There are 2 protein chains.
Amino acid sequence: MSAEGTQENTNNVKVSGEEPNSDNKEKEITENGTNETTNTGTEPVAEAEIEVPKKEMRAVVLTGFGGLKSVKILKKPEPTIKEDEVLIRVKACGLNFQDLMVRQGAIDSPPKCPFILGFECAGEIEQIGEQVKDFQVGDRVVALPEYQAWAELVAVSTKYVFKLPKGLSYTDAAALAINYTLAYILLFEIGTLSEGKSILVHSVGGGVGQAVVQLAKTVPDVTIIGVCSKGKHESLKAENSPIDHLLEKGCDYVNEVKKSLPDGVDIVLDCLGGEECNKGYNILKPMGKYILYGTANVVTGETKGFFSTARCWWQVDKVSPLKLFDENKTLAGFNLRHLLYHQNGAAYINKIILKVFQLYQDGKVKPQLDSVWALEDVADAMQKMHDRKNIGKLVLDPSMEPKPKPATPAKKDKKKQSSTEEKKENDETKEEKKDEVVAEKKEETVANNSAGEPVAEGQENK
Amino acid sequence: MSAEGTQENTNNVKVSGEEPNSDNKEKEITENGTNETTNTGTEPVAEAEIEVPKKEMRAVVLTGFGGLKSVKILKKPEPTIKEDEVLIRVKACGLNFQDLMVRQGAIDSPPKCPFILGFECAGEIEQIGEQVKDFQVGDRVVALPEYQAWAELVAVSTKYVFKLPKGLSYTDAAALAINYTLAYILLFEIGTLSEGKSILVHSVGGGVGQAVVQLAKTVPDVTIIGVCSKGKHESLKAENSPIDHLLEKGCDYVNEVKKSLPDGVDIVLDCLGGEECNKGYNILKPMGKYILYGTANVVTGETKGFFSTARCWWQVDKVSPLKLFDENKTLAGFNLRHLLYHQNGAAYINKIILKVFQLYQDGKVKPQLDSVWALEDVADAMQKMHDRKNIGKLVLDPSMEPKPKPATPAKKDKKKQSSTEEKKENDETKEEKKDEVVAEKKEETVANNSAGEPVAEGQENK
């Protein structure tokens with residue numbers, strides 16, 4: 001609701017870098033998603049119908065694969081919903097490492113640019129399709145659409161939409177949905193974590209890493225070995241840390257692990273891939289499980305070419321089932337994106353999300369927020385994740401956008417875009433501005449957030 | 001106790017095919033495991049001390065790798081116990097497919113012949129070592145020694161010994177221990193079986209197969225697809241079978257499965273290996289788990305050479321972790337023998353056995369016995385398993401041996417051995433004899449078996 005001010009802009013703004021594209025839903029939309037009633041007397045309509053108001057929304061659009069300059073905040077037509085979809089007014093978007101990979105084109109079958117980024121958002125249902133029965137307008141939900149999530153409005157099939165339990169804020173929901181579902185599946189659906197077992201977690205400071213730590217600690221006597229960059233160690237060691245052994249990214253962690261656990265570990269959770277696969281497999285104790293759930297090692301520079309990607313995977317040993325039989329080991333892979341969008345896994349994910357929400361309501365888990373950002377600051381947020389500087393989840397809040405000047409909206413929009421492109425050059429001034437907005441937002445969110453307080457950048461929520 | 005008659009034979013019988021071997025514990029033993037007290041006045045002892053009584057026991061000995069002719073019932077010295085061992089008077093021995101593989105030498109690092117076969121026995125503790133604290137004489141136990149189990153007496157480290165709960169007969173214990181522990185680990189420790197999932201089980205009629213079916217059916221709404229030889233179908237289909245789809249061994253089961261489950265299955269349990277590995281992996285649905293827990297395809301003829309074994313495994317695709325990541329699949333291996341004897345897994349197995357015993361006591365599982373055999377009939381029992389004709393567990397009972405004639409024991413023994421070798425030639429007469437013994441045994445065991453009735457060959461215990 002707080003973002004409604006932007007809807008006052010009814011001019012048909014021509015946006016740079018954006019081709020009219022049928023895939024892109026750049027159709028004319030009226031308020032209720034149809035135009036039958038208003039057009040009954042005037043069909044056929046003149047081609048150059050410039051004066052008819054076109055409803056628009058702000059969205060984070062990827063204009064081409066590559067660096068941060070291709071990530072732009074643009075005006076896009078509000079989406080129309082299909083009969084099995086709901087329209088969600090987005091209050092919080094989750095940032096995931098996968099978004100960085102998408103930006104670089106480092107995933108299989110990426111969509112055509114330009115498209116709206118984002119796989120995770122929480123908000124309120126504003127409209128429902130004709131066939132929708134399980135949701136109604138006003139429902140508080142979290143959604144996992146295939147792209148399109150980082151916008152003020154999202155139209156998404158109900159199979160990717162999950163109702164929020166009471167007391168779960170939008171920000172916390174966006175921090176829980178992907179990370180905790182992923183962590184739950186890794187630990188309990190594949191890893192079979194049980195009392196007394198040990199886990200090695202790469203990128204333990206990130207959103208998934210922190211979710212893994214919290215979920216693992218719901219089981220008695222679990223030993224957690226976390227690997228992450230040195231810069232995060234101080235924060236992660238602070239207070240009574242649930243991480244039993246904290247190792248530095250890039251160290252000889254195989255030897256380090258063997259110092260405290262000579263037999264190896266029960267579960268290795270690897271979001272990196274490449275050479276870590278072999279190390280992870282070899283550090284397993286008998287009955288141990290290695291689970292690959294990400295390929296972050298593919299993303300090391302701003303962009304990465306085919307050959308360096310391929311080289312990263314040439315190093316990985318293929319394993320025969322007979323070797324697993326001889327060694328009593330398990331090798332597994334988990335790819336949430338494939339499962340949800342290519343393998344019909346939404347019903348399964350729904351079951352897991354319900355379990356995660358229950359754990360939240362029982363007070364067993366509480367999302368670890370790193371920071372909340374305006375849509376316009378998404379490049380900075382992405383850079384922070386790229387630099388492995390976040391501890392916990394990065395969330396975008398569409399309502400954090402600076403209000404546009406009503407007098408010259410078109411000009412304002414253009415200025416906004418170019419300022420996004422200049423972002424990298426004037427990081428320091430942006431940082432100040434962002435801090436202001438974050439601080440402002442913090443108060444606002446705390447007011448309607450009974451369960452988990454969002455945390456400004458650099459602060460820890462423990 | 002019923003086998004004590006054989007101890008009356010105190011002559012030092014020289015056994016054919018058996019070299020004195022330090023590994024083989026062919027030492028002189030007195031009743032309490034030491035000879036210090038009796039020898040104090042007579043040291044040094046004359047070399048040809050023929051008159052001193054030597055306690056012996058009957059045991060199933062493998063005299064050389066290969067066919068059934070190498071499996072012999074021999075007199076062996078009673079074992080002495082080490083300080084961490086107990087001496088068990090064996091009442092029932094479990095026959096496992098692994099024993100067939102050992103006989104053929106189709107396992108890694110086999111022991112030197114001759115040695116006593118068998119990995120599983122149940123009985124009563126007759127003696128305890130000096131360091132033993134958790135067991136006492138008279139305890140009813142099941143033991144999983146590395147070989148040595150098929151004998152009247154077994155000395156075994158306490159880490160491989162597990163106390164029986166009340167009401168569990170020795171026969172049922174020998175039928176539960178390996179098969180149900182294995183099945184439990186496959187389904188719940190690796191497969192993460194849960195409500196609504198589907199399983200494909202090879203060799204569903206065998207001991208492990210039947211254990212898998214029973215344990216799987218403790219979870220609601222599980223679909224079981226069983227594969228086995230046509231000859232077992234009638235018995236397995238009888239009554240209200242828990243197997244949802246029964247397929248014929250050697251059929252195009254991949255297509256058959258897809259008729260009823262187009263998306264594939266959640267768990268494939270493969271005890272065959274070879275080409276089944278690739279089929280099993282490919283028939284998995286997303287989030288599916290393929291588990292190799294045996295390599296029975298290596299044993300197809302009486303013996304199998306290196307090249308045919310190697311060819312069997314050349315066909316198996318090696319899998320990259322990246323492929324598992326793309327496809328959301330798990331590949332696992334489980335080798336109970338390696339875990340127990342080479343990977344220090346006894347404590348882990350102890351935990352699982354306790355769970356299995358609890359399920360038994362709760363009436364949730366009840367071992368499916370195929371038949372009980374005398375030690376002397378072990379070749380026939382092995383042949384039956386080799387021919388895939390058993391439904392459920394084959395158990396050996398040392399007390400079922402025909403009583404020896406006291407007048408000419410040495411001659412009797414020799415006769416016994418040669419009759420074992422002739423077994424293959426006169427199957428029909430043996431079959432009659434065996435049926436007699438089994439029927440006799442059946443009555444006997446039913447009397448002291450409150451929970452599970454042993455079943456004569458061909459009858460079903462449902």
Side-chain angles (χ1 to χ4, degrees), chain A residues 108 185 188-196 263 266 270-271 273-274 276-278 280-281 285-295 298 312-314 316-340 342-345 347-349 351, chain B residues 108 185 188-196 263 266 270-271 273-274 276-278 280-281 285-295 298 312-314 316-340 342-345 347-349 351:
Chain A
D108 52 310
I185 290 170
F188 301 114
E189 296 277 308
I190 305 175
T192 335
L193 179 66
S194 60
E195 192 171 342
D263 296 335
D266 290 296
D270 183 5
C271 57
E276 308 308 330
C277 292
N278 305 347
Y281 180 87
K285 68 201 277 191
M287 297 305 290
K289 298 178 172 102
Y290 166 88
I291 312 173
L292 180 67
Y293 72 96
T295 56
V298 171
C312 173
W313 287 108
W314 281 335
V316 179
D317 292 337
K318 287 185 172 184
V319 179
S320 158
L322 191 60
K323 183 177 165 75
L324 299 170
F325 172 69
D326 279 339
E327 297 180 355
N328 278 312
K329 289 184 178 178
T330 293
L331 206 57
F334 181 61
N335 186 325
L336 182 59
R337 186 170 59 86
H338 283 194
L339 184 66
L340 262 180
H342 307 167
Q343 297 181 325
N344 204 23
Y348 172 75
I349 295 301
K351 278 188 205 169
Chain B
D108 52 309
I185 290 170
F188 301 114
E189 296 277 306
I190 306 174
T192 335
L193 179 66
S194 60
E195 193 171 342
D263 296 337
D266 290 297
D270 183 4
C271 56
E276 309 307 331
C277 291
N278 304 345
Y281 180 86
K285 69 201 280 190
M287 297 304 290
K289 298 179 173 100
Y290 166 88
I291 311 173
L292 180 68
Y293 71 96
T295 57
V298 171
C312 173
W313 287 108
W314 281 337
V316 178
D317 292 337
K318 286 185 172 184
V319 179
S320 158
L322 192 60
K323 182 177 166 74
L324 299 170
F325 172 69
D326 279 340
E327 297 180 356
N328 278 311
K329 288 184 178 178
T330 293
L331 205 59
F334 181 62
N335 187 324
L336 182 59
R337 186 170 58 88
H338 283 194
L339 185 65
L340 262 179
H342 308 166
Q343 296 181 327
N344 204 23
Y348 172 75
I349 294 301
K351 279 188 204 170

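We use all heavy atoms of the structure for the numbers below, so side chains are in, but hydrogens, waters and symmetry mates are not. This is a predicted model, so every value here is computed, not measured. Chain identifiers are assigned alphabetically (A, B, ...) following the order of the sequence lines, protein sequences preceding nucleic acid strands; residue numbering begins at 1 within each chain.
To the nearest 0.5 angstrom, B:Phe325 atom CZ is 10.0 Å from A:Cys277 atom SG.
Heavy atoms closer than 4.5 Å to chain A are found nowhere in B:Lys285, neither backbone nor side chain. With a threshold of 4.5 angstrom between heavy atoms, B:Asp326 approaches chain A through its backbone and through its side chain. Using a 4.5 Å cut-off between heavy atoms, A:Tyr290 contacts chain B through its side chain alone, with no backbone atom that close. Neither the backbone nor the side chain of B:Ile291 has a heavy atom closer than 4.5 Å to any heavy atom of chain A.
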Checklist entry - Could you go step by step and tell me if B:Ile190 and A:Met287 meet the side-chain contact (heavy atoms from CB on, under 4.5 Å) rule? => result CA-CA 8 Å; B:Ile190 306 174; A:Met287 297 305 290; 4.1 Å; yes
Item to check | Stepwise side-chain contact (heavy atoms from CB on, under 4.5 Å) test for A:Leu292 and B:Leu324 | outcome: CA-CA 8 Å; A:Leu292 180 67; B:Leu324 299 170; over 6 Å; no
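When each of B:Glu189, B:Arg337, B:His342 is scored by its heavy-atom pairs under 4.5 Å with chain A, the top score falls to B:Glu189. Of the listed residues (B:Asp270, B:Leu331, B:Asn335), the one with the most heavy-atom contacts under 4.5 Å to chain A is B:Asn335. The candidate from A:Asn344, A:Thr192, A:Thr330, A:Asn328 with the greatest count of non-hydrogen atom pairs under 4.5 Å with chain B is A:Asn328.
For A:Glu327, the side-chain contact (heavy atoms from CB on, under 4.5 Å) partners two or more places apart in sequence, or in a different chain, are A:Tyr281, A:Lys323, A:Lys329.
In this structure the side chain of B:Gln343 never reaches within 4.5 angstrom of the side chain of A:Asp263, judged on heavy atoms.
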